[in-house]
Amino acid sequence: MKHLLSLENLSLADMEAILAATVTMKRQRGQPAPQPLAGKTWALIFAKSSTRTRVSFEVGIRELGGNVMFLSAADIQLGRGEPIKDTARVLGRMVHGVVFRTFAQADVEEFARYANIPTINALTDEEHPCQILTDIFTFQERRGPIQGKVVTFVGDGACNVPASWVFAAAKLGFELRIAAPKEFQPPLSLLERAGFQHVHAQGTPSGEVITAQLAATGGKVILTADLPAAATGADLLYTDVWVSMGKEAEAADRIRLLTGYQINQSLVKLAQPDALVMHCLPAYRGKEIDDETFEAHAATIFDEAENRLHTQKAIIAWQVS
Ligand code: CP
Ligand code: NVA
């Protein structure tokens, strides 16, 4: 049974197979193509809002020949307290695969354990694996292999999106710099879980810089509050919202603490001349990115959004193969 619950548990071989199959999915869209979901029904269970993930999975499942149903978690008994493991055992007898967006990573994992059908993490508080696979595909379709490149994540470095980037850096062997105030940097335990060794801290005038390396792949992670240093020479500048879903009560504090951690034209000037700018979306202009920079890089950002469809079709085809 193949699940996609995290990048932490996705092997490098499977990651590379999905990325390669995404190229084919994108090229062949609209032409007669294999229908691996013919006669099957998949369910989307979402406990949080979504535009891209919902639409790309609904369209993708149909394009693979399947039927799809959308279930708002609030509208099914799950929302009234029916246990995950009971919901999973019911759906596991009726549908052939599930795409689950929720809060706790443990809930997606429990669902997969009990449902006994292919299950996909469509975002939890801890990871967003479909997004980061798509981002890597998007980078590679423009710039070739990401191995050895420098990716700078700007903003809330402690949320789901940068966590999935950490696992990707460990496996694919690139340098990930997370530029965030100390309280918005991922915990060292996450770097260790990803396999990074030689974690060391160095004091600098602008604070502590943590460096972690994984010799086997060449992967590296740098955690720093020094945004200009993190952006210098980057091949990709990447950001996500300052206030993730579920963190709305902290919005005022987050905006205060993260102000300045923005991708804007002066930051772009520090990166490589051909650096890409990407955003998982939705974007809040004037917060994590300014309008001018967003619009200057809109072609990449909306290719990135479209690529969710192709990547997720490749994920499902891999799961049911
Ligand atoms: N990037 C992303 O997952 O977008 P949605 O929340 O709209 O699905
Ligand atoms: N970190 C964001 C990602 C949105 C796609 C959130 O969890 O809301």
Side-chain angles (χ1 to χ4, degrees), residues 4-7 22 44-61 68 70-74 98-105 107-108 120-139 151 153-168 176 178-181 183-186 190 236 238-251 253-255 257-258 261-263 277-285 287-289 294 297-298 300-313 315-316:
L4 181 70
L5 305 181
S6 67
L7 291 192
T22 304
L44 271 53
I45 310 173
F46 278 42
K48 290 175 175 173
S49 304
S50 173
T51 299
R52 280 143 289 272
T53 309
R54 175 177 175 174
V55 174
S56 54
F57 271 112
E58 290 205 25
V59 171
I61 289 165
V68 61
F70 180 83
L71 302 170
S72 161
V98 155
V99 179
F100 193 6
R101 170 171 284 201
T102 191
F103 295 85
Q105 177 74 19
D107 286 352
V108 174
I120 297 178
N121 172 359
L123 179 147
T124 62
D125 291 344
E126 288 179 39
E127 273 220 50
H128 198 359
C130 300
Q131 179 69 56
I132 280 58
L133 285 173
T134 303
D135 299 335
I136 289 164
F137 171 81
T138 306
F139 181 88
V151 176
F153 181 95
V154 179
D156 176 10
C159 73
N160 40 19
V161 165
S164 292
W165 271 108
V166 167
F167 294 117
L176 175 67
I178 296 182
E183 52 273 63
F184 291 102
Q185 293 176 8
L190 183 92
L236 168 61
Y238 189 101
T239 192
D240 180 12
V241 296
W242 288 346
V243 185
S244 283
M245 292 179 278
K247 303 286 184 195
E248 291 78 7
E250 300 172 10
D253 279 349
R254 286 172 163 265
I255 290 166
L257 292 163
L258 286 162
Y261 286 86
Q262 182 188 73
I263 300 184
V277 172
M278 290 175 26
H279 192 310
C280 58
L281 300 176
Y284 292 84
R285 289 158 171 85
K287 303 276 193 308
E288 74 277 0
I289 192 164
F294 184 94
H297 294 270
T300 311
I301 292 168
F302 290 106
D303 270 4
E304 179 189 1
E306 176 198 317
N307 286 338
R308 295 292 303 278
L309 170 65
H310 312 302
T311 312
Q312 290 159 190
K313 285 170 71 180
I315 291 167
I316 292 174

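The chain is numbered in sequence order, starting from 1. Start at 1 and go down the list; that is how both ligands and their atoms are numbered. These numbers come from the heavy atoms of this one structure, side chains and all, not from hydrogens, waters or symmetry mates.
The parts of S244 lying near ligand 2 are both backbone and side chain, judged by heavy-atom distances below 4.0 Å. Residue contacts with ligand 2, taken as heavy atom pairs separated by less than 4.0 Å, do not involve D156 at all.
Closest to atom 7 (O) of ligand 2, if we only count protein heavy atoms, is N160 ND2, 2.9 Å. Of the protein's non-hydrogen atoms, L123 CD1, 4.0 Å is the one closest to atom 4 (C) of ligand 2. Nearest protein neighbour of atom 4 (O) of ligand 1, counting heavy atoms only, is R52 NE, 2.8 Å. In terms of protein heavy-atom proximity, atom 7 (O) of ligand 1 is closest to T51 N, 2.7 Å. Among all non-hydrogen protein atoms, the one lying nearest atom 6 (O) of ligand 1 is R101 NH1, 2.9 Å.
Judged by distance alone, with hydrogens and angles left aside, the side-chain atoms of Q262 form a donor-acceptor pair with the main-chain N or O of K287 at under 3.5 Å. Looking only at distances, a side-chain donor or acceptor of R101 sits under 3.5 Å from a matching main-chain atom of S49. Counting only distance, with no hydrogens or angles, the side chain of Q105 and the backbone of L5 share a donor-acceptor pair below 3.5 Å. The closest donor-acceptor contact from the side chain of T102 to the backbone of A47 lies at 3.5 Å or more, if one exists at all.
Of all atoms in ligand 1, numbered sequentially from 1 with element shown, those under 4.0 Å from a heavy atom of L281 are 1 (N), 2 (C), 4 (O). For ligand 2, the atoms closer than 4.0 angstrom to any heavy atom of V241 are 2 (C). Set against the non-hydrogen atoms of H128, the atoms of ligand 1 under 4.0 Å away are 2 (C), 3 (O). Within ligand 2, the atoms closer than 4.0 Å to a non-hydrogen atom of C159 are 1 (N), numbered from 1 in the order shown. Counting atoms of ligand 1 from 1 in the listed order, those under 4.0 Å from a heavy atom of R308 are 1 (N), 2 (C), 3 (O). Heavy-atom contacts of C280 reach the following atoms of ligand 1: 1 (N) (cutoff under 4.0 Å). Every atom of ligand 2 is numbered from 1 in the order shown, and the set under 4.0 Å from a heavy atom of M245 is 6 (C), 7 (O), 8 (O).
Checked against a 3.5 angstrom limit, the closest N/O atoms of R54 and ligand 1 fall outside it. Between D240 and ligand 2, a contact under 3.5 Å exists for at least one N or O pair.
A heavy-atom distance below 4.5 Å is not found between the side chains of Q131 and L123. In this structure, the side chains of H128 and D240 stay at 4.5 Å or more apart for every pair of heavy atoms. Residues V154 and E288 form no side-chain contact, since every pair of their non-hydrogen atoms from C-beta on lies 4.5 Å or further apart.
Between atom CZ of residue R54 and atom CZ of residue F46 there is a gap of 8.0 Å, rounded to the nearest 0.5 Å. Distance check: I132 CD1 to F167 CZ gives 11.5 Å after rounding to the nearest 0.5 Å.
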With side-chain hydrogen bond (donor to acceptor under 3.5 Å, both in side chains) as the test, would you mind laying out the steps for E304 and T138 before giving the verdict? CA-CA 6 Å; E304 179 189 1; T138 306; over 6 Å; no

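Proximity annotation for atom 5 (C) of ligand 2: of T51, T53, L281, D125, L281 comes nearest, heavy atoms only.
Salt bridge K48/D125: present, at least one basic N to carboxylate O contact under 4.0 Å.
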